Amino acid sequence: MRAWIVERPRPVREEPLRLVDLPDPQPGPGEIRVRVSTCGVCRTDLHVVEGDLLPHRQPVVPGHEIVGVVDRCGPAASRFRIGERVGIAWLRSTCGVCRFCRRDMENLCLDPRFTGWDEHGGYAELAVVNESYAYAVPDTFPDLTAAPLLCAGIIGYRALRRAEVPSGGGLGLWGFGGSAHLTAQIAMAQGAEVHVRTRGQKGRELAAELGASSVGDSADPLPAPLDAAILFAPVGDLVPVAMSALDRGGTLAVAGIHLSDIPTLNYQQHLFQERTLRSVTANTRADGTAFLEAAARVPVRVSAVPYPFERAPKALLDLAEDRVRGAAVLTFGA
C-alpha cells in the first residue's frame with residue numbers, strides 16, 4: 001500500500017512527510033482492515049509531524065480521522081460486515097483494567113494507544129484497528145465531511161462538556177478551525193450564545209456564516225462576560241485572555257493535546273470568584289458515539305476542504321499557516 005510516513009519529526013516547511021510503499025497490513029484477532037476513503041488532517045497530526053509530541057513510533061503513518069469500508073476481518077471479528085463503512089479515531093486501545101478504565105474514564109487510561117502516533121494511521125490506503133474502537137458512521141455524512149467528525153468533532157464535544165455551559169449561557173471559542181466550527185454548532189443547538197475569537201480571516205468568516213453572536217480577532221473584547229470558554233488554538237498566551245473574559249463561576253476548557261507555555265496567571269484577576277481552568281484529555285468511546293448521534297441529529301454542517309492523497313504535505317502546510325476554511329481532508333481515488 002502507499003503511505004505517507006514521518007521518519008524524523010521536523011517543521012512542516014522542511015517536508016517531513018515521505019511517500020513510500022508499505023506491506024499491506026493484516027488484521028489480527030478481533031481486528032478489521034479498512035480501505036481508506038478519506039482521512040482528516042488534524043492539528044494533532046501537525047504536532048506529531050513537527051515533534052511537539054515526542055515520537056512513540058518511528059517511522060509512523062499519521063492520521064486519525066479515518067473513514068473507509070471494511071475489506072477484511074480478522075479472527076473472531078464480527079461487529080462489522082465486509083463492505084460496511086466505519087470510522088477510526090484517535091483513541092485506538094485502552095488497557096481495560098487500570099483504575100481509570102474501571103471508573104468509565106478510559107480517556108485517562110494508564111496504558112492507552114493512539115492512531116497515527118503509537119500505530120500507523122490513515123495517511124495510507126489501508127488501516128487496521130480493533131473493531132471495538134471503530135465507529136459506525138452516520139449515513140447523514142458523505143465520506144468527505146464524515147472524516148473531521150472522528151477527532152475534531154469528538155474532542156470538541158468532550159471540551160464542550162468539560163466547559164459546562166449553562167442553559168442559554170455565553171460560550172467563547174478561541175481558534176476556529178476543524179474542531180471549533182463543529183463544536184459551535186452543537187453548542188448553538190443546545191441554546192448557547194457563541195462568541196468566536198480567532199486570528200484567521202477564513203475562520204472569522206466561517207463563524208459569522210454559522211451564526212456566531214460575535215466574531216473578532218483573538219484579543220478583541222467580548223460584549224459581555226462569558227459563562228464558559230474553550231481554547232482550541234494551541235497558544236498558551238491566550239489562556240489569561242480567555243480567563244479574563246469569564247464571568248464569576250465560569251470555566252475555560254483547553255481542548256488541545258499540546259499547548260505552548262502559559263504566562264503567569266494572577267489569582268485575583270484570572271481565578272478568584274470560582275473561575276475554573278480545565279484540560280481536556282482524549283475521549284472515551286461513549287463521547288464518540290454520543291457526538292456522532294448529536295451531529296446527525298442537528299445536523300452539523302461540516303466545512304471540509306479536499307486534498308488528493310498525493311498532496312498530504314500541502315494539506316499540513318496549509319493547516320499550519322491557517323489557510324484552511326474548516327477542516328482539511330485527504331481523499332483517496334475517485
Side-chain angles (χ1 to χ4, degrees), residues 9 11-12 40-56 62-65 89-92 107-108 112 114-118 121 147-165 171-184 186-187 194 196-200 203 206-207 218-219 226 228-243 245-246 251-263 265 270 276-284 287-288 291 315-316 318-322 324 326-328:
V12 69
V41 179
C42 179
R43 192 161 291 275
T44 302
D45 299 338
L46 193 60
H47 295 318
V48 169
V49 167
E50 295 198 315
D52 296 323
L53 299 178
L54 294 178
H56 281 192
H64 56 274
E65 296 178 335
W90 175 241
L91 185 67
R92 186 180 187 83
N107 63 304
L108 300 179
F114 300 101
T115 308
W117 191 21
D118 294 292
L149 304 178
L150 274 302
C151 180
I154 293 173
I155 200 64
Y157 181 78
R158 184 168 184 87
L160 183 62
R161 290 181 54 209
R162 294 280 288 165
E164 296 185 347
V165 190
L171 171 68
L173 303 180
W174 270 263
F176 204 76
S179 188
H181 90 282
L182 302 175
T183 307
I186 297 291
V194 175
V196 173
R197 295 294 179 267
T198 187
R199 69 180 185 180
L206 180 57
S218 299
L226 299 170
I230 303 173
L231 176 60
F232 289 100
V235 183
D237 286 344
L238 291 176
V239 170
V241 174
M243 293 297 294
L246 292 176
T251 296
L252 170 63
V254 180
I257 192 173
H258 170 78
L259 189 70
S260 60
D261 288 346
I262 301 172
L265 297 178
H270 300 123
T276 301
L277 173 61
R278 287 179 166 176
S279 67
V280 180
T281 301
N283 64 274
T284 66
D287 291 327
F291 167 71
L316 269 177
D318 284 353
L319 176 65
E321 297 186 351
D322 289 328
V324 180

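No experiment lies behind these values; they were computed from the predicted model shown.
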Original post:
Going by the salt bridge (charged side-chain N to carboxylate O under 4.0 Å, His left out) test, which pairs reach into residues 150-161, not counting sequence neighbours?
Top reply: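 Matches after skipping sequence neighbours: R158-D287, R161-D287.
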Sequence neighbours left out, what passes side chain to side chain donor-acceptor pair (under 3.5 Å) with D237? Give chain and number order.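 Counting only residues at least two positions away or on another chain, D237 forms no side chain to side chain donor-acceptor pair (under 3.5 Å).
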Go through the structure and list residues passing side-chain contact (heavy atoms from CB on, under 4.5 Å) with [X], not counting sequence neighbours.
X: I155; result: S179, V280
X: A320; result: V12, L46
X: A233; result: L231, V235, L238
X: D318; result: Y307, K314, R323, V324

State which residues pass ring-ring contact (aromatic ring centres under 6.0 Å, His included) with W174; sequence neighbours excluded, sorted by chain then number.
->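 Partners of W174 under the ring-ring contact (aromatic ring centres under 6.0 Å, His included) test: none.
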- Task: With sequence neighbours left out, write down each residue that passes ring-ring contact (aromatic ring centres under 6.0 Å, His included) with H47, or none if nothing qualifies.
- Result: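 Here the qualifying residues are H258.
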Walk me through whether T183 and F232 qualify under side chain to side chain contact (heavy atoms under 4.5 Å, CB included).
CA-CA 10 Å; T183 307; F232 289 100; 3.6 Å; yes
What heavy-atom pair brings [X] and [Y] nearest, and what distance separates the two atoms?
X: R162; Y: A253; result: CB-CB, 4.1 Å
X: V194; Y: A187; result: CG2-CB, 4.0 Å
X: A327; Y: H181; result: N-CE1, 4.5 Å
X: L54; Y: W117; result: O-NE1, 2.9 Å
X: L173; Y: A180; result: CD1-O, 3.9 Å
X: A163; Y: A229; result: CB-O, 4.0 Å

- [ ] State whether the side chain of T251 and the backbone N or O of A228 hold a donor-acceptor pair below 3.5 Å, judged by distance alone.
- [x]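 Absent.
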Is there a donor-acceptor pair under 3.5 Å between the side chain of T284 and the backbone N or O of N107?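 Checked: no pair found.
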Quick one: [atom1] on [X] to [atom2] on [Y], what's the gap to the nearest 0.5 Å?
X: L319; Y: R43; atom1: CG; atom2: CZ; answer: 4.5 Å
X: I154; Y: L91; atom1: CD1; atom2: CG; answer: 9.0 Å
X: W90; Y: N283; atom1: CH2; atom2: CG; answer: 10.5 Å
X: L252; Y: I230; atom1: CG; atom2: CD1; answer: 9.0 Å
X: F114; Y: I257; atom1: CZ; atom2: CD1; answer: 6.5 Å

*Is there side-chain contact between V196 and L206, with heavy atoms separated by less than 4.5 Å?*
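A side-chain contact under 4.5 Å is absent here.
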> Any side-chain heavy atom of D45 sitting closer than 4.5 Å to one from H64?
Replying inline: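 The answer is yes, as the side chains (C-beta and beyond) meet within the 4.5 Å cut-off.
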Carboxylate-amine/guanidinium contact R92 D118, below 4.0 Å
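Salt bridge: no.
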Not counting sequence neighbours, which residues clear salt bridge (Lys or Arg N to Asp or Glu O under 4.0 Å) with D52? List them please.
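By the salt bridge (Lys or Arg N to Asp or Glu O under 4.0 Å) rule, D52 matches no residue at all.
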**Study point:** Partner set under salt bridge (Lys or Arg N to Asp or Glu O under 4.0 Å) for E164, not counting sequence neighbours
**Key:**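 For E164 the salt bridge (Lys or Arg N to Asp or Glu O under 4.0 Å) partners, ignoring immediate neighbours, are R278.
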*Can you label the angle between the F291 ring and the Y157 ring as parallel, tilted or perpendicular, going by 30° and 60°?*
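Geometry flag for Y157 against F291: tilted rings.
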